[in-house]
Amino acid sequence: MSTSSVSKGCFVFKPSAKKKKKTTALSLEDHFLHACEGDENRELRFHLCHDLWDKIKTNTEALQDELNRNILDSLLDFTRKCSSTRRHSDWASQMRASEIPTAALVLGVNVPDHDMTFKSLSDLLQQSVTPHVASVQAKECGALKHLMKRVLERLMDTVVDDDDDEEEEEEAEQAGAPLNKAVHCSLGTLCAWYNAKTKKSNLGTPGKKRSSPASDDSQPPPVVIIFKDLEAFNPKVLQDFILICSRYVQRLPLMFIFGIATSPSTIQHMLPHSVSSLLCIELFQSLSCTQHLATVIDKLILTPQFPFKLNGKVMQVLISIFLYHDFSVRNFIKGIQLALLEHFHSQPLSVLCCKKEAALLNVMQLGHLDLERIRKLQSFKRYVEKQEAQEQVNLFTDDSHLKGVCQKLIKDLRKYHKNYYPILRCLHTLTSSLPRYPLGKQIRELHLICLEKNIWENEEYQSAMKLLKMMAKDQLIGLLQRCEEILRPVKSKKMNRALVQLEDLLAKFKQLDIAAEPPPPSVEDRITSPVKDLQKKTDLFQLQKALLEMNESRRSKKLSPFEALRNEALEFIDSLVKSHLSPPESQALNEVCYYASSATVRRHLNAAPRTSIQAALSSPYYYLQNERLQTADGLVSNAAPDICIVYKLHLECGRLINLYDWLEAYATVVSAAEGDEPGSDSFGKVDDVRHARFIRAVSELEFLGFIKSTKQKTDHVARLSWGGC
Amino acid sequence: MSALVQHPGYDEERLQRVCGQLPCRDVQAGMLLSLMGQPHQYSFPSIFIYGHRSSGKSHVMHVLLKELELPHAMVSCVECLSVAVLFEQVLLSFFGCDAASLLPRSPSLSDFVRVYRQQRSQRPAEQTRYIVMEKAELLRDADANLLPALLRLQELVEDNVTVILLSEIVWDKFRPNTGCFEPLQLHFPDYSKAGVSQDKHPSHSAEFYSSYINILLGVFYSVCRDLRELRHLVRHTLTMKETDTHKLWRNIEPHLKKAMRTVYLREVSSLQWEQMQQMEEKDTGAVRGLSAHTHVELPYYSKFLLIAAYLASYNPARTDKRFFLKHHGKIRKTNFLKKNEKTSNHLLGPKPFPLDRLLAIFYSVVDSRVAPTASIFSQISSLVTLQLLTQVSHDDQLDAPKYKCAVSMDFICAISRTVNFEIVQYLYDFL
């Protein structure tokens, strides 16, 4: 067993926690192993996947804490300040004492992400400012009574008396002591409780919870109530609650935190002036979710740290779900988790998707079946085609030779990633400030372009390069210096070499500054002389020719040393881009690391209920997997469930459907399915059972929203969908 | 003032103290005292006091009862989630917590009366007991028998008790249709301009302070008579020294105007205003008010859903064909202008629309093909929780729910600008 500690010593490892973890992991593992592709190494893959996800998770959590730190710190300061000014006795703060200090925390519309912020906020508050923190959500506070009850429960950690609660009543009666009645639901009770609590702690018997180092004992800790989603609260409830609280604010150091998803003006929409004047509102704005996403992508995706990668299409799906639908970073990370699981679950070669040493080891342990899989990989085939004939034969026949090659290829892939990201960042720094952003404002856009195809064949890239060639000196030097900073920490031979070259270039730029030579006069002479000639020419053709020549000469005029150097620098950048930013598909064995099934991700994350209902109704085989239901395209077998038959028949009708005709058609289909002879009496006859089945199917269809009853015509129903016939 | 001091049965020194604490309210206080009579005398069963917010109702009652040490219970009706809390508080303050615990769970009015009588027989009133109910207008929403019973509580419990109701609404709005005992009504008028300037400040001389208040009132009295608000303003604007009075006269007006925009509306919290004052020399306007932040970031499709909702709310459904069909033929505005529809829809406010219409408009407005996925529908419901849309039909109605758009024209224009959508071209009112 290992510890994270650097020092040598004895460490206690509690077995219980580990065991617990194992049991839960076991069930997870069972799920994972069930119906998993490639039997041999699935346990190994599960562990790789699990470890990798743990690492990603801790990383993102740390990242989010970091991002929220600013706003949380300022909130903490605010609470501290509020509880301290309460004690001041000067005129102004005495007057302010009647107001309830309130922090309006604007978090943005990505509501799913807020939970985490609030959790860390209340944890921090409890650690450093006050033990009395209660957070409430709108859905649990429909009425004032419920809100009051929740607040009291969470602050006092007790069950609060509720008149509706009959069980408790019985209990109280059984106890036969009306004096011991559970506390009543009012702020008065809270006040009494708070006084008792603070008095006790002042006497020097601090409870376990009351170990708050920041707050002095002389200063009672504030009581913080967090309203997680202000918009969803019933305004009346909130108003009454604030009115009640303001009556107690002299005795009870209350404080509110409003979580706001839209804009702070909602406070004014929800609370009338008479109520909002009881609050002393201060505004806190959190980081916008797009910035948040940018940081997550920067730290999680654009790094060689994690061997698992997403290909362009999957990235595109995840990003578009974020931008188009929910703005939720949490859901984005969940999407990555899904992709990760799917990758390890469905790709047997994902055993190689791990740290370098482990991957090399795993290559040696690959079985024959896995090696065959490698030989079938698209990227590997392409690699083989480039080899010589003898080598090709060797690769296809000699397993141990293939293993050796695979090791080399894995190493290459790692090197590729190591160089890819720094160069991507450099290119982004250079292009992100260009007018009209030919390669995108955000680095993720550039990344997507690079994943798709060779970026240097892209038109936007060409235009970006043209724009760069017109850049002023100071600006260019600044950008190059930033590139230098990006390249410096990278530990890779190629990058070190690039860094040296870049430094050289920068040094040359600096020399230019020192030796600012006078402009060569010859150029001007050459330009002015044809102008003189021009006046002599009278022929139109001659004139045109002369003008063209002039243009030529101007273009090919001798470059100033700065321009030459600029071109040199840009050519250098271009060469870097060409050698390192090729799309991952071009790399051999990229399938090991890259997850490519965007359809799966889309299907799981962006569910389309209507499409799946239609799929189920029109081709029941898709879900039921029953051989009897398999039919040619577009047809429904007559053995299909009733609702499918009814659905299929209704597609052939117009806007209004005659129920009786429908029933007859249904009866015909069903009797064919039951094997009745087409000539016999009972064929197509409606008996009670068929009638009942038909009615049930029709009402199911109505429930699903395909038809509805209508009064336009008797015995007809209206169709609610178009097309089909 | 002398009227207040001479009331038989009360200590003169105490009356003097009361008098000092109640500037401009001596007439009302005197009236109340004479109504209350001497402590041991029975008083009128119920008194109804009304007056605007912060016209000193609660303050007068509080000071009178506290200073004269009369047995009383002050109850705010906002706080009484159930009548149980009300009864409990009354019993608690008259007879101690033992009495309060005698009440059964979820007590009825008769329980209260029973417990009260039982306690009274043990401890009969030597002085009139007072029950003061603040924000009495909320009693109208309580059980129908509560208000009539409170008005004649004296009879019911056979005790020397008086119920005083404080309200911002006149008695006419209270009277239940079954009829009830008429309480004695008393009106508290607003503080006059002269009265307000009698306020005192600890660190400034009375003369300076009252003239300062006069300037302030010149600006604010026309928009605000609320004493509490005026105090709030005074506190925030009064930061200068007494010596530079002359300079003050010239410089103070724009300052106060700014305060009217921000402090009065509580756009800026008191703490921020103070910081603003300290930074004043360097730069102004660094702190923006609450309503300055109206920008809301929304996901791409949510923006279009909101735009579609706005269009559905403000365009008549008949005109959808003209706006969203490619080949709608030539339909002029006059063709579908009905007589009663000459008023602008924007003046009438948003109209409800069914979900189907919203989605139909959404699909024609959004430029790319959108699959009807679950997340589109969940975005609609999250727009409802964000209060950008409101659901008109009942929550239980799963079939064809109806919505209204709850955002302003400016807001939707800002939103549509971010997605390059010319909303004005699609609005019937601006055709």
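A, B, ... follow the sequence lines: proteins, then strands. Residue 1 opens every chain. Everything numeric in this text was worked out from a predicted model, so none of it was measured.
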Just give me the residue among Lys708(A), Glu231(A), His325(A), His269(A) that pairs up with chain B most often, heavy atom to heavy atom, under 4.5 Å. His325(A)
Passing candidate, side chain to side chain donor-acceptor pair (under 3.5 Å) with Ser167(B), options Lys135(B), Lys57(B), Glu137(B), Glu134(B): Glu137(B)
Check whether Gln379(B) gets within reach of chain A through its side chain, its backbone, both or neither, counting any heavy atom under 4.5 Å. side chain
Which region of Asn606(A), side chain (C-beta onward) or backbone (N, CA, C, O), has a non-hydrogen atom less than 4.5 Å from a non-hydrogen atom of chain B, or is it both or neither? both
For Val111(A) and Thr385(B): C-alpha separation, side-chain torsions, deciding distance, then whether side chain to side chain contact (heavy atoms under 4.5 Å, CB included) applies. CA-CA 10 Å; Val111(A) 183; Thr385(B) 45; over 6 Å; no
Tell me, for Leu323(A) versus chain B, whether the close heavy atoms (under 4.5 Å) come from the side chain, the backbone, both or neither. backbone
Please look at Ser274(A) and chain B and tell me whether the side chain, the backbone, both or neither of the residue comes under 4.5 angstrom of a heavy atom of that chain. both
Whether the side chain of Gln239(A) engages the backbone of Asn234(A) through a donor-acceptor N/O pair (distance < 3.5 Å, no angle test) should be reported. no
Name the member of Ser302(B), Ser76(B), Ser378(B), Ser382(B) that forms the most heavy-atom pairs with chain A at distances under 4.5 Å. Ser76(B)
Interface residue of largest heavy-atom contact number with chain B, from Tyr248(A), Phe322(A), Phe241(A), under 4.5 Å: Tyr248(A)
Decide whether Asp113(A) and Ser328(A) meet the rule of one side-chain donor and one side-chain acceptor closer than 3.5 Å. yes
Enter the distance from Leu105(A):CG to Ile260(A):CD1 here, rounded to the nearest 0.5 Å. 8.0 Å
Is the centre of the Tyr301(B) ring less than 6.0 Å from the centre of the Tyr324(A) ring? yes
